[in-house]
Amino acid sequence: MKLFSKIIAIGAIILLVVACTKGNIKKEEYIHLVDKLEQSDKFLTTFPFNIEVKLTRILDDEVSYKVIIDKKDNNLKQIKAIAIHNMKTTDIYPSIGIFDKPIDLLVNQDKKGIILVGYIKTKKDIKDLELEIKVYVEFINDEGKLIKNMYKYQNMTK
């Protein structure tokens with residue numbers, strides 16, 4: 001009976017170590033992508049998908065931003081995406097496919113797109129908000145090639 005208890009305890013420890021290691025790898029990937037976007041000054045202007053940013057005031061001191069990624073006529077497989085901004089925050093940036101499973105947007109699917117949603121604490125009017133949102137999107141195309149795109153949105157009125 002003692003041997004069985006030891007085997008269960010060792011198994012539980014191994015599962016805990018594996019789970020923590022996977023979590024650390026995902027966290028490292030997230031941090032790497034945030035750093036890459038923050039440091040980048042090279043962004044594309046055309047993409048094999050549609051991308052749009054919408055800003056909405058939801059509270060007196062909070063603005064919601066939505067990054068909408070819609071497929072065109074291409075299959076986008078194993079999508080990973082993250083959106084960051086230039087405003088001070090302690091929140092995690094919205095992402096998909098990093099901490100959760102990457103998703104597919106296929107031409108023959110009903111699923112049309114992805115929406116990354118984040119929030120910014122500010123009382124400024126949206127039109128006066130000097131906001132820059134950078135988006136990283138990674139996917140595999142129909143030819144099996146890994147495609148990496150970076151997009152920049154600016155709401156600069158000055």
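The shown structure was predicted, so the numbers you read here are calculated from the model rather than taken from an experiment.
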**Request:** Evaluate whether atom NZ of Lys66 has more than 12 neighbouring non-hydrogen atoms of other residues, nucleotides or ligands under 6.0 angstrom away.
**Result:** no

**Request:** Report the distance from atom CZ of Arg57 to atom CD1 of Ile126, rounding to the nearest 0.5 Å.
**Result:** 6.0 Å

**Asked** Counting heavy atoms not belonging to Asp91, are there more than 12 under 6.0 Å from its CG?
**Response** yes

**Request:** Could you grab the distance from atom CD1 of Ile84 to atom CG of Asn86, nearest 0.5 Å is fine?
**Result:** 8.5 Å

**Request:** Identify whether Tyr93 and Ile115 are in the same connected component of the hydrophobic contact network (ILVMFWY, side-chain heavy atoms under 4.5 Å).
**Result:** no

**Item:** Any side-chain heavy-atom pair of Leu129 and Met87 under 4.5 Å
**Value:** yes

**Request:** Heavy atoms only: give me the nearest Pro48-Phe139 pair and the separation to one decimal.
**Result:** CG-CZ, 3.4 Å

**Check: Lys27 and Ile98 side chains under 4.5 Å, non-hydrogen atoms** = no

**Request:** Please work out whether the ring planes of Phe99 and Tyr30 are parallel, tilted or perpendicular, with thresholds of 30° and 60°.
**Result:** tilted

**Request:** Determine whether Phe49 and Leu105 make a side-chain contact, defined as any pair of heavy atoms from C-beta on separated by less than 4.5 Å.
**Result:** no

**Asked** Taking all atoms of both residues into account, what is the closest heavy-atom pair of Ser95 and Leu116, and its distance?
**Response** C-CD2, 3.8 Å

**Prompt:** Looking only at heavy atoms, which two atoms of Met150 and Tyr136 are closest? And how far apart?
**Reply:** CG-CD1, 3.8 Å

**Item:** Polar side-chain atom of Thr56 near backbone of Ile58 as donor-acceptor pair, under 3.5 Å
**Value:** no

**Request:** Identify, with sequence neighbours excluded, every residue that meets side chain to side chain donor-acceptor pair (under 3.5 Å) alongside Asn141.
**Result:** Glu143

**Request:** Say whether Ile103 and Val67 are linked into one hydrophobic cluster, either directly or through other cluster members, by side-chain heavy-atom distances under 4.5 angstrom.
**Result:** yes

**Message:** Is there a path of hydrophobic side-chain contacts, each under 4.5 Å between heavy atoms of I/L/V/M/F/W/Y residues, joining Ile51 to Leu106?
**Reply:** no

**Asked** Is it true that Leu44 and Val135 fall in one hydrophobic cluster, defined by side-chain heavy atoms closer than 4.5 Å?
**Response** yes

**Request:** Could you give me the CA-CA distance, side-chain angles and deciding distance for Glu62 and Thr122, then say whether side chain to side chain contact (heavy atoms under 4.5 Å, CB included) is met?
**Result:** CA-CA 5 Å; Glu62 195 167 74; Thr122 184; over 6 Å; no

**Request:** Examine Ile114 and Ile68 and state if one hydrophobic cluster contains both, with Ile, Leu, Val, Met, Phe, Trp and Tyr joined whenever side-chain heavy atoms are less than 4.5 Å apart.
**Result:** no

**Message:** So, taking the atom named CD1 in Ile82 and the one named CG in Leu33, what distance separates them when rounded to the nearest 0.5 Å?
**Reply:** 6.0 Å

**Asked** Where the side chain of Asp70 meets the backbone of Asn50, is there a donor-acceptor pair that is under 3.5 Å apart?
**Response** no

**Message:** Could you check whether any side-chain N or O of Lys134 sits under 3.5 Å from a backbone N or O of Leu37, counting only pairs where one atom can act as donor and the other as acceptor?
**Reply:** yes

**Asked** Measuring from Asp61:CG to Lys123:NZ, what's the distance to the nearest 0.5 Å?
**Response** 6.0 Å

**Nearest-0.5 Å distance that lies between atom CD in Glu38 and atom NE2 in His85** = 10.5 Å

**Asked** Could you give the distance from CG (Asp35) to NE2 (His32), rounded to the nearest 0.5 Å?
**Response** 8.0 Å

**Smallest separation among heavy atoms of Val107 and Asn75, with atom names** = N-OD1, 2.7 Å

**Shortest non-hydrogen contact from Pro94 toward Tyr65** = CD-OH, 3.2 Å

**Message:** Measuring only between side-chain heavy atoms, which start at C-beta, is Leu131 closer than 4.5 Å to Gln154?
**Reply:** no

**Message:** Could you check whether any side-chain heavy atom of Glu138 comes within less than 4.5 Å of a side-chain heavy atom of Leu146, counting everything from C-beta outward?
**Reply:** yes

**Request:** Determine whether Tyr153 and Leu55 make a side-chain contact, defined as any pair of heavy atoms from C-beta on separated by less than 4.5 Å.
**Result:** yes

